[in-house]
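First up is the structure itself, then whatever we jot down about it.
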Amino acid sequence: MALTLRALAAEPALGLRVVAGEAGLDRPIGWVHPTELTDPQSFLEGGELLLTTGLTLYSATYEPYVRRLVDADVAGLGFGVGLSHAQVPDALVAVADEVGLPVLEVPRRTPFIAITRAVSRSVAADEYAATVRIGRAQQELTRTAVGRSGAGGVVRRLARLIDGWVVLYDSAGRVREASSAKARSVELDVTGLRAGTRVVSHGDDEVVIQTLHTRGALAVGTAEPLDSTGQHIVNTAVSLLSLALEQDRAQRLSLSQLHTGVLELLAAGQHELAREVVPDLPQQPWTVLAVAGSKAARNTLYERLETLAGQVFAAHRGDKLIVLAENDEVSEIAAETGEFHSGLSTGDFPAALRQAEEAAEAARTQRVPMLRYADHAGAGLLGLVDQQAAQAFSDQLLAPVREFDRTGRGDLELSLRCWLEHHGHWDLAATKLGVHRHTLRNRVAKTAELLGRDLDAPGVRAELWFALQVRSWPAT
């Protein structure tokens with residue numbers, strides 16, 4: 001902490017006496033400058049303790065002299081007595097009190113060099129303390145950065161070092177890490193900051209927003225403006241966070257490429273090998289979502305889905321993001337983002353993958369947020385026939401099943417649809433319905449009995465699927 005006029009006046013060896021401007025004694029002393037000039041403004045930077053014996057001063061010059069010192073923003077005036085003046089002139093004291101300039105009376109026995117040495121020792125001690133503080137802070141931040149806590153640990157450590165709060169933003173302006181709940185609640189727009197530093201106010205705090213070397217920004221809030229030591233510490237954190245985020249970006253890229261490779265294994269039917277690479281793949285049956293959209297939007301969704309590892313698996317494939325989930329929750333995520341065009345399918349890989357990608361392309365062509373493959377496939381066939389005729393065909397074919405369901409004795413139509421969606425796979429369809437596979441077998445057998453048809457025949461299955469699609473297709 002810089003030496004103040006009050007602390008200097010309290011040193012017994014100097015014998016200084018405060019004669020004016022007592023209210024300003026807590027001003028820090030930047031340096032000491034002795035001069036007998038009546039107008040020393042050109043030689044001052046501000047914050048100095050000016051020393052003079054008043055050799056060139058007389059009654060007419062006291063007031064303009066004091067006011068010039070105030071304009072030069074000096075910390076105070078040390079007036080040596082016992083040479084040209086026996087005491088500090090009363091007129092000078094009166095003006096100094098009026099303008100709030102602290103004046104210290106320096107006795108004849110105290111050489112000006114003694115005051116200079118006292119201030120010099122304090123400045124040297126402050127510089128040493130600042131160097132030590134910076135060094136320790138750099139060590140703490142570096143140890144934290146290379147430890148397990150990563151970027152979040154650096155943010156929290158920095159907040160303690162500068163006695164404030166810290167928020168780390170990604171390149172999209174979203175909060176990536178925050179030092180506290182208060183920091184996370186701070187709303188700042190950092191998207192317009194290209195490079196460099198910007199200082200803003202947030203409540204009673206001063207906030208320094210500084211761009212990182214790679215991407216993103218760091219916001220540092222403190223009750224008092226950062227001193228030079230605090231700025232050095234923040235700069236160290238910026239460098240470490242930039243390096244950490246660049247390494248994190250490289251790791252994310254590698255993981256993304258790994259996920260793409262695992263997706264290709266799944267597409268090739270190598271499920272066991274894929275699960276050896278990524279053990280926390282969601283359990284089958286899968287809902288497959290193909291997301292078409294801008295690269296930036298797909299990357300943003302991919303980063304969001306990374307937090308759902310074990311429930312959701314996502315991988316880039318060409319110009320689409322492919323998402324696998326245990327249920328339809330992922331479709332809700334995509335539907336919330338209007339910039340996507342998504343295709344949804346269920347069933348065995350790789351057929352479901354191809355279907356989801358085809359549905360995504362159809363959604364993009366039709367300019368709709370999401371399209372289920374089942375609806376897309378049905379719509380293609382329905383477009384070739386008269387809808388009234390198709391509806392009559394559906395009503396006639398499925399009448400026995402619907403009449404049975406109306407009695408409340410079963411869910412044959414729903415079970416039939418799910419079974420056909422999963423290409424006759426008993427386990428997958430039963431899991432989807434939440435029933436035992438034997439229950440599903442009994443329902444399908446009852447359906448075949450009511451319809452009087454062999455459901456193992458491909459043509460029969462096609463007719464039934466068509467009839468089911470007609471019922472859900474909106475009338476034109």
Side-chain angles (χ1 to χ4, degrees), residues 1-41 43-57 59 61-130 133 163 204 206 222-230:
M1 180 179 292
L3 182 67
T4 63
L5 293 169
R6 189 182 303 278
L8 181 67
E11 293 194 15
L14 297 178
L16 305 179
R17 185 169 68 91
V18 180
V19 297
E22 188 170 354
L25 290 178
D26 291 322
R27 295 175 184 172
I29 304 172
W31 195 241
V32 180
H33 182 65
T35 180
E36 300 299 337
L37 295 175
T38 57
D39 185 7
Q41 292 185 83
F43 304 94
L44 302 176
E45 294 181 348
E48 297 90 351
L49 171 61
L50 197 67
L51 300 178
T52 182
T53 64
L55 183 64
T56 60
L57 299 178
S59 58
T61 63
Y62 295 153
E63 181 173 354
Y65 176 71
V66 170
R67 295 190 182 278
R68 281 194 289 268
L69 297 187
V70 172
D71 292 340
D73 196 28
V74 300
L77 174 66
F79 200 103
V81 297
L83 293 175
S84 58
H85 294 78
Q87 63 180 30
V88 182
D90 292 338
L92 187 147
V93 171
V95 175
D97 270 330
E98 179 185 344
V99 298
L101 177 69
V103 177
L104 306 179
E105 182 183 86
V106 183
R108 177 70 179 82
R109 63 179 177 82
T110 302
F112 284 176
I113 190 64
I115 299 175
T116 301
R117 285 174 178 169
V119 174
S120 178
R121 284 194 300 267
S122 176
V123 170
D126 286 343
E127 290 179 349
Y128 176 75
R133 182 187 170 198
D163 190 24
D204 295 331
E206 179 180 277
T222 52
E224 298 293 334
L226 288 171
D227 56 16
S228 59
T229 302

Where [X] and [Y] come nearest, the two heavy atoms and their spacing:
{"X": "A96", "Y": "A20", "value": "CB-CB, 3.8 Å"}
{"X": "R108", "Y": "G82", "value": "CD-O, 3.9 Å"}
{"X": "L8", "Y": "A118", "value": "CD1-CB, 4.1 Å"}
{"X": "G15", "Y": "R109", "value": "CA-NH2, 3.6 Å"}
{"X": "L44", "Y": "P40", "value": "CG-O, 3.3 Å"}

Mind checking the [atom1]-[atom2] spacing from [X] to [Y]? Nearest 0.5 Å is all I need.
{"X": "R27", "Y": "L25", "atom1": "CZ", "atom2": "CG", "value": "9.0 Å"}
{"X": "I115", "Y": "E11", "atom1": "CD1", "atom2": "CD", "value": "10.0 Å"}
{"X": "L101", "Y": "Y65", "atom1": "CG", "atom2": "OH", "value": "9.0 Å"}
{"X": "R133", "Y": "D227", "atom1": "CZ", "atom2": "CG", "value": "5.5 Å"}
{"X": "R17", "Y": "Q87", "atom1": "CZ", "atom2": "CD", "value": "8.0 Å"}

For the side chain of [X] and the backbone of [Y], is there at least one donor-acceptor N/O pair under 3.5 Å apart?
{"X": "T56", "Y": "E36", "result": "yes"}
{"X": "T53", "Y": "G80", "result": "no"}
{"X": "E127", "Y": "A125", "result": "no"}

Is the count of non-hydrogen atoms from other residues, nucleotides or ligands lying under 6.0 Å from [X] atom [atom1] greater than 12?
{"X": "E22", "atom1": "CD", "value": "no"}
{"X": "D204", "atom1": "CG", "value": "no"}
{"X": "R6", "atom1": "CZ", "value": "yes"}

What I'd like to find out is whether the side chain of [X] reaches to under 4.5 Å of the side chain of [Y], using heavy atoms alone.
{"X": "V95", "Y": "V66", "result": "yes"}
{"X": "L104", "Y": "F79", "result": "no"}
{"X": "T222", "Y": "D163", "result": "no"}
{"X": "L5", "Y": "I29", "result": "yes"}

**OP:** Under the side chain to side chain contact (heavy atoms under 4.5 Å, CB included) rule, what do T52 and T35 come out as? Steps first, then yes or no, please.
**Re:** CA-CA 6 Å; T52 182; T35 180; 5.8 Å; no
**OP:** Begin from the C-alpha positions of L55 and L83 and carry the test side chain to side chain contact (heavy atoms under 4.5 Å, CB included) through to its verdict.
**Re:** CA-CA 8 Å; L55 183 64; L83 293 175; over 6 Å; no
**OP:** For the pair L16 and V106, evaluate side chain to side chain contact (heavy atoms under 4.5 Å, CB included) and give the outcome as yes or no after the intermediate values.
**Re:** CA-CA 5 Å; L16 305 179; V106 183; 3.8 Å; yes
Original post:
Between L49, V88, L69, which is the residue that forms a side chain to side chain contact (heavy atoms under 4.5 Å, CB included) with L77?
Top reply: L69
Original post:
With D39, which residues qualify under salt bridge (charged side-chain N to carboxylate O under 4.0 Å, His left out), at least two apart?
Top reply: R68
